[in-house]
Amino acid sequence: MAARALSAHALRDRALLVLAVAMTLLAGLGAYDVADAAQLHAASAQLDTIRRIGADDAAAGASLTDTSNFLAAYLDAVQLPARPSTREPVLADYQRALANLNANLSRLGEDTAATPALAGRARDTIAAARAWEAWAEARRAQAEADRTDATNPQADAQGATLVQTFQVTDRAFVSSIDAQQADAQQVADQRNRQHSNVLLGVLVSEALVLRSSAWASSSTSSGPSAG
């Protein structure tokens with residue numbers, strides 16, 4: 001009987017030891033899980049930011065194209081001997097596109113401000129777009145001041161050169177965005193895999209705690225009857 005009691009106590013002590021180890025492991029993994037989740041969130045946020053920058057840049061390029069097309073349409077309308085009211089809808093289209101361009105460029109600047117790896121390229125792209133924008137407004141004012149100047153090949157060639165400068169600058173920016181997005185995607189994928197492993201460890205630890213707790217409870221309850 002004494003041997004049985006000793007054996008029951010040994011089993012209980014062993015179960016309690018396993019329980020203590022499992023709870024310690026669970027506590028450690030729980031703390032690590034919190035830190036790992038924060039890193040995963042940061043990696044995902046960085047990837048989302050870079051994707052948003054890409055969308056901002058695409059929107060800015062599309063807006064510049066729209067603004068350029070509407071400006072050309074307005075210059076055509078200005079040189080026609082028509083009442084000013086017939087030109088107003090075309091001017092409104094141009095001004096609306098210009099406002100969209102400004103908004104997209106501002107958003108691009110804001111989103112890249114906290115991304116040093118892309119901020120430099122973004123500034124170059126925005127500067128190129130702003131240079132064309134300044135030319136477009138000057139071209140519009142020039143045509144409005146002198147209708148005969150609505151057709152000005154030299155001025156239009158200058159505008160075309162500014163558009164080309166923007167396109168070259170923007171292509172370099174897009175290449176940087178693609179590279180940064182690939183890196184950010186890789187980091188996010190690694191964090192996801194790591195976080196999955198941590199969660200698995202937490203689940204295993206929880207199962208071990210439950211199993212050892214039941215074992216300890218069973219050993220404790222069987223001790224007195226064995227004695």
Side-chain angles (χ1 to χ4, degrees), residues 45-182 184-185:
Q46 178 67 7
L47 179 59
D48 288 343
T49 296
I50 294 173
R51 285 173 173 167
R52 188 167 61 250
I53 289 171
D56 291 342
D57 180 63
S63 294
L64 191 145
T65 299
D66 288 343
T67 309
S68 178
N69 291 336
F70 285 128
L71 175 63
Y74 180 64
L75 294 177
D76 288 342
V78 166
Q79 62 185 315
L80 296 175
R83 294 191 305 274
S85 60
T86 63
R87 296 195 295 266
E88 289 174 359
V90 186
L91 177 60
D93 288 338
Y94 162 75
Q95 291 174 330
R96 191 160 40 247
L98 187 64
N100 287 336
L101 175 58
N102 275 317
N104 288 324
L105 291 175
S106 296
R107 191 178 304 113
L108 179 60
E110 291 169 2
D111 286 342
T112 54
T115 310
L118 295 174
R121 292 287 191 187
R123 283 193 296 269
D124 292 343
T125 298
I126 293 170
R130 295 292 189 196
W132 178 87
E133 189 179 61
W135 169 86
E137 280 292 84
R139 184 76 181 89
R140 177 184 64 82
Q142 183 183 32
E144 289 175 344
D146 184 355
R147 197 177 70 185
T148 61
D149 210 22
T151 302
N152 188 328
Q154 185 176 357
D156 292 340
Q158 182 184 7
T161 298
L162 291 171
V163 169
Q164 290 174 354
T165 299
F166 167 80
Q167 291 171 341
V168 170
T169 305
D170 190 53
R171 277 196 293 270
F173 183 36
V174 169
S175 295
S176 296
I177 293 173
D178 290 344
Q180 289 296 314
Q181 183 169 328
Q185 183 69 63

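Starting from 1, each residue takes its place in the sequence as its number. Bear in mind the structure is a predicted one, so any value in this text is a computation, not a measurement.
Put simply, the side chain of Asn104 does not reach to within 4.5 Å of the side chain of Leu108, judged on heavy atoms. In this structure the side chain of Asp170 reaches within 4.5 angstrom of the side chain of Phe173, judged on heavy atoms. Within the 4.5 Å cutoff, the side chain of Arg96 has heavy atoms near those of the Asp93 side chain. Using a 4.5 Å heavy-atom threshold, the side chains of Ile177 and Ile50 count as touching. You'll find the side chain of Thr115 stays beyond 4.5 Å of the side chain of Asp111, heavy atoms only.
Under the rule for a side chain to side chain contact (heavy atoms under 4.5 Å, CB included), the partners of Val168 that lie at least two apart in sequence or sit in another chain are Arg171. Under the side chain to side chain contact (heavy atoms under 4.5 Å, CB included) criterion, Gln95 pairs with Leu91, not counting sequence neighbours. Residues passing the side chain to side chain contact (heavy atoms under 4.5 Å, CB included) test with Asp76 are Gln79, sequence neighbours excluded. Remark: Arg51 engages Leu47, Asp48, Gln181, Gln185 in a side chain to side chain contact (heavy atoms under 4.5 Å, CB included) (not counting sequence neighbours).
Shortest non-hydrogen contact noted between Tyr94 and Phe70 is CA-CB, 3.6 Å. Considering all non-hydrogen atoms of both residues, Ala136 and Leu71 come closest at CB-CD2, 3.7 Å.
Applying the side chain to side chain donor-acceptor pair (under 3.5 Å) test between Tyr74 and each of Arg140, Glu144, Arg87 identifies Glu144 as the sole match. Screening Asp57, Asp56, Ile53 for a side-chain contact (heavy atoms from CB on, under 4.5 Å) involving Thr112 leaves a single residue, Ile53. No option in Asn100, Leu98, Leu105 other than Asn100 meets the side-chain contact (heavy atoms from CB on, under 4.5 Å) test with Ser63.
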Taking distance alone, no hydrogens or angles, what donor-acceptor pairs closer than 3.5 Å link side-chain atoms of residues 117-130 to residues at least two apart or in another chain?
unit_1: Thr125; atom_1: OG1; unit_2: Arg121; atom_2: O; d: 3.1
unit_1: Arg130; atom_1: NH1; unit_2: Asn102; atom_2: OD1; d: 2.4
unit_1: Arg130; atom_1: NH1; unit_2: Glu133; atom_2: OE1; d: 3.1

Using distance only, find each side-chain donor-acceptor pair of residues 153-163 under 3.5 Å and give its atom names and separation, not counting sequence neighbours.
unit_1: Asp156; atom_1: OD1; unit_2: Arg139; atom_2: NE; d: 2.9
unit_1: Asp156; atom_1: OD1; unit_2: Arg139; atom_2: NH2; d: 3.4
unit_1: Thr161; atom_1: OG1; unit_2: Ala157; atom_2: O; d: 3.0

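For the atom pair CG (Leu101) and CG (Asp66), the distance works out to 9.5 Å, reported to the nearest 0.5 Å.
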